[in-house]
Amino acid sequence: MVWAKIGSETGSGASVDITGFTPTKFNQVMSHCLLSGVVNFRMRLGNGSFDSGTSYSDRLSNNGLADETSLVNQNDIHIMNTSSVYVSLFVVMYMINIATEEKLDIFNSVVTLATGAGSAPGRMEGVNKWTNTSDQFDYIKIMDDSGTEIDTDSNLSLIGTD
């Protein structure tokens, strides 16, 4: 199994997207986003366009607290839920992308609350699914659900293999 770079995009604003790539069955997503405000990070997938329907479900834990399992029939994947201003986010996600199966992922994300050693980072880990069983995804985006808080030079990278 040889891993190959599928795409890497840098951007700012509401989202950073990689679109129209040749899908692979096994994928790793890495993203580092610089922030300019309170951000709730989300992800959307799609085939030919982004799916904004209620076809995502999440199971999450924030900072080691009890699992949150009520996030079903969502219109996106949760990567980090926040109520504070963060400086940056880093996420690593592993995904399965078989056309006839639900797309499953497992991820870990970390955010910085403030620069310097005077504050501990925040973390979220979880598992998610996209319930599409007809297509492989060939569109992926990381986004700020409030709209414009992703700063310049934020990055989304995707590698994959069959």
Side-chain angles (χ1 to χ4, degrees), residues 3-62 68 71-97 99 102-113 121-132 134-160:
W3 289 85
K5 182 177 177 181
I6 294 172
S8 184
E9 293 295 331
T10 303
S12 63
S15 69
V16 181
D17 311 347
I18 302 173
T19 61
F21 54 86
T22 301
T24 56
K25 291 180 183 174
F26 306 100
N27 297 275
Q28 182 179 355
V29 177
M30 294 156 288
S31 183
H32 176 246
C33 289
L34 304 168
L35 315 177
S36 62
V38 177
V39 177
N40 285 312
F41 273 99
R42 305 292 188 250
M43 179 177 283
R44 282 200 180 130
L45 303 170
N47 182 277
S49 64
F50 290 107
D51 180 354
S52 59
T54 56
S55 53
Y56 304 95
S57 296
D58 307 318
R59 181 181 194 103
L60 312 169
S61 175
N62 276 304
E68 184 174 353
L71 298 169
V72 297
N73 299 315
Q74 300 289 302
N75 65 3
D76 50 33
I77 291 170
H78 292 68
I79 296 174
M80 178 60 73
N81 296 329
T82 67
S83 58
S84 304
V85 174
Y86 291 108
V87 177
S88 67
L89 166 116
F90 177 65
V91 62
V92 176
M93 179 181 286
Y94 299 93
M95 306 176 83
I96 188 81
N97 188 17
E102 293 182 333
K103 303 344 170 233
L104 301 175
D105 74 70
I106 185 169
F107 76 93
N108 285 284
S109 59
V110 60
V111 290
T112 56
L113 298 165
R123 67 183 169 99
M124 179 184 268
E125 57 267 349
V127 293
N128 314 90
K129 69 177 178 177
W130 180 43
T131 60
N132 180 309
S134 308
D135 303 297
Q136 288 183 289
F137 64 83
D138 63 359
Y139 274 58
I140 187 169
K141 81 161 74 176
I142 190 168
M143 57 191 223
D144 163 23
D145 76 344
S146 66
T148 60
E149 305 294 337
I150 299 173
D151 263 354
T152 304
D153 294 330
S154 295
N155 179 270
L156 173 63
S157 294
L158 179 66
I159 62 174

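One-based numbering along the sequence shown.
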State, yes or no, whether a side-chain contact exists between [X] and [Y] at a heavy-atom distance under 4.5 Å.
X	Y	answer
V92	N108	no
V29	L156	yes
D151	S12	no
C33	I142	yes
L71	N128	no

ring-ring contact (aromatic ring centres under 6.0 Å, His included) against Y139, all qualifying residues, sequence neighbours excluded
F50

Identify, with sequence neighbours excluded, every residue that meets side chain to side chain donor-acceptor pair (under 3.5 Å) alongside [X].
X	value
S15	D17
D105	none
S88	T112

Kindly write out the residues that satisfy side-chain contact (heavy atoms from CB on, under 4.5 Å) with [X], not counting sequence neighbours, or none if the list is empty.
X	value
N27	I6, T24, M95, N97, F137, L158
S55	D51, W130, T131
S8	K5, N155, S157
V72	S57

F21 CZ: over 12 foreign heavy atoms closer than 6.0 Å:
yes

Under the salt bridge (Lys or Arg N to Asp or Glu O under 4.0 Å) test, which residues partner [X], sequence neighbours left out?
X	result
E102	K129
D58	none
K141	none

